[in-house]
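The block underneath contains the structure these notes are about, expressed in structure tokens.
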Amino acid sequence: MNSMVLKSFLGLRKSSPETSHFAVHQKHAAISFPQKLKVIAGKTSPKLQGRNLRVAIVGGGPAGGSAAETLAKGGIETFLIERKMDNCKPCGGAIPLCMVGEFDLPLDIIDRRVTKMKMISPSNVAVDIGRTLKSHEYIGMVRREVLDAYLRDRAKENGATIINGLFLKMDMPKDKNSPYVLHYSGYDGKTGGVGEKRTLEVDVVIGADGANSRVAKAIDAGDYEYAIAFQERIKIPDDKMVYYENLAEMYVGDDVSPDFYGWVFPKCDHVAVGTGTVTHKADIKKFQLATRKRAEDKINGGKIIRVEAHPIPEHPRPRRLSGRVALVGDAAGYVTKCSGEGIYFAAKSGRMCAEAIVEGSENGKRMVNEGDLRMYLEKWDKTYWPTYKVLDVLQKVFYRSNPAREAFVEMCADEYVQKMTFDSYLYKTVVPGNPLEDLKLAINTIGSLVRANAIRREMDKLNV
Amino acid sequence: MQLQAMSTTMASFSPPSRFTATPSSSSSSSSQHSIPHLLNAFLPLRPRPRPKNTPLLLFSPLKAASDNGVGTAVELPPPTEQQAVPEPPPPAAVGTNGSVGGAVAEEVKSVVSGFVDPRWVGGTWDLKQFQKNGNTDWDAVIDAEARRRKWLEDNPESSNNENPVVFDTSIIPWWAWMKRFHLPEAELLNGRAAMVGFFMAYLVDSLTGVGLVDQMNNFVCKTLLFVAVVGVLLIRKNEDVETLKKLWEETTFYDKQWQATWQEDENSSTSKKE
């Protein structure tokens, strides 16, 4: 089914229109079979006279920071607009192993290396996963303020201009070569003040300003469904903290969340206990209490030092690109289902978008157009679509109901499952795996689901 | 409060020992007047008069008010009533429990200690306690697990590292599941299929004159048979049709959300010139 989807998908993609008269022909062709149209966009765009391409990135998180670095390295005049330089974005803070390598992150950014996870089912069946991890493999826990600042500073070192300001609105260009005019309030590092109204003229805009993106609103990108993640940072006694030294926990159950999970993640010197939901946002406090109750014995005696909440997009926005404006990261909606992971995909999408701009503009010498930015979307969808789809299927199958969650936790006890899960999480590739083992896994999954649902039917009989 | 008042009145009327000797009758002379009086007082409070409970009700105020000497004989009816209630046992003072009528029916959901069961040992079911005729009674294991899960759903508990739950449903052999869940349903479905099949075979025969063996050789009939079998398997309740439609929508919904940005491009390309 995956390949079927991809094929029809490819057909649509190849029809990226360079001129309008192509579109009609391509719309017909796209449905039936993919055309071998390689649109060499940008190369037909005019050369810029006397200056380099100017790009503004709105938002200085992982997406903005990595995009700024790649653009600056590519010789493009880059402006990064961030409203709060020391922002502690509420976040799970987990990064996969591949991110450390791909983005050359220094190891001291990582507060903790999680090498064990515990999955706890609705009936408190606890399964330890992580046995299959090799000694050099781990999930990194970072503080967002540390990571974001590092990426921004590195971008600055490479030549990007960091502007401390709040993006207000954007004037659309009148034609293909006119600039975008961004209006923002410049703070210049001063906290609390209104800020000075300033404008900035650029040729390309990258919206990396997160789930409530203003850039997305400016280009009418459309809305997405989002989950509310609610988290409490709890400082627990030292002897209890030893248990969470390199272990994170995941609680599943209707009491904890009807469509997501509750978690206890270790941070630098405290734990973050939280939960999230899409469908029952009004009950989030109730779910949080239930999560705390389930972890009660392990976090007893802890003090809540901070309460935070943030939206998590559930799927990409209907429109991720318009004219010479592209969205990346949370602003585009690149958060996976099932695990709710966003940091890596934000950083990677920022980098990919920047690479597309660098390539399309030949290192800043030419103007770019929508077709160049479409290349980034194409590459992104092709590379990560399988990952997103698999996680979506997992969420649909295993987060449906309590029996499904029981089956999920039962399956996690299997070593093959653990190996596959960690391999795909840590390295961000959907590994095909051994077909015989896959078959065994499929049979075991069905068995677990059938058993859990059978017990559920018995439970319903008890009620009546 | 009323019970307490009643108990003091009763205590003043006659010595408690008289009541223990005559549990269900009101033979003691001096108290003959008081018991019907008491009964009348209790009757309006009770939804339906249950003679078996009368001694319980009469005894319970006594239990609340009197000392342990009486208590020993009185203890017998209450515990038997309480055993019918699974877990947890309600708090000891049944007498002070406001529910005068039917002390058995209500389960007090006050401070509960957690899931407790003598067969639940060390975070899993102790199969040795499920023996029946020398073999493990798997049905009882399934029942026990269902009860445990139901209990935990209604009263979520903290997960504990000292007493981890390690029960895995796969220890129950496949044939136990099959016998209990699959076979009854299979019987039902096969019965339906047989009825529909017989009727359809008869109908087709009466309409076209084609006998059963010739029907089986016909392609159209084979297709219809296949459709009938699949239909019986997938659609077992009326709600299943809706469920199947929703499931189909679900499988493709995420794909559509991802492709939205490409659809937009197609529509806008004809109107907008980039």
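Lettering follows sequence order; numbering is per chain, from 1. Only this structure's heavy atoms are used, side chains among them; waters, hydrogens and symmetry mates stay out.
Residue A:N402 touches chain B through its side chain alone, counting heavy-atom pairs closer than 4.5 Å. With a threshold of 4.5 angstrom between heavy atoms, A:R292 does not approach chain B through any atom at all. Heavy atoms closer than 4.5 Å to chain A are found nowhere in B:P164, neither backbone nor side chain. Heavy-atom distances place the side chain of B:R148, and not its backbone, under 4.5 Å from chain A. With a 4.5 angstrom heavy-atom cutoff, A:A454 touches chain B via backbone and side-chain atoms both. Residue contact with chain A, scored on non-hydrogen atoms closer than 4.5 Å, is absent for B:E162. When heavy atoms are compared at a cutoff of 4.5 Å, A:K293 approaches chain B by way of both its backbone and its side chain. In this structure, chain B has a heavy atom under 4.5 Å from the backbone of A:E314, while its side chain stays farther away.
A distance-only check finds no donor-acceptor pair linking the side chain of B:T136 to the backbone of B:W138 [under 3.5 Å].
For A:Y224 and B:Q257, the side-chain atoms include no donor-acceptor pair closer than 3.5 Å. Under the 3.5 Å distance criterion, with hydrogens and angles disregarded, no donor-acceptor pair is assigned to the side chains of B:D255 and B:T252. With no hydrogens or angles considered, no side-chain donor-acceptor pair links A:Q288 and A:T275 at under 3.5 Å.
Under the 4.0 Å criterion applied to side-chain N and carboxylate O atoms, A:R294 and A:E249 are not assigned as salt-bridge partners.
To the nearest 0.5 Å, the span separating CG on A:D460 from CD1 on A:I455 amounts to 12.0 Å. Once rounded to the nearest 0.5 Å, the distance linking CD1 of B:I171 with CD of B:E145 reads 9.0 Å.
Options B:T169, B:D168, B:I142, B:T124 differ in how many heavy-atom pairs under 4.5 Å they form with chain A, and the most are formed by B:T169. The most heavy-atom pairs under 4.5 Å with chain B, out of A:D255, A:V409, A:V450, A:D392, come from A:D392. Taking chain B as the reference chain and counting heavy-atom pairs below 4.5 Å, the highest number among A:E296, A:K298, A:K118 is found for A:K298.
Of all non-hydrogen atoms in A:R451 and B:S170, the two that sit nearest each other are NH2-CB, 3.4 Å.
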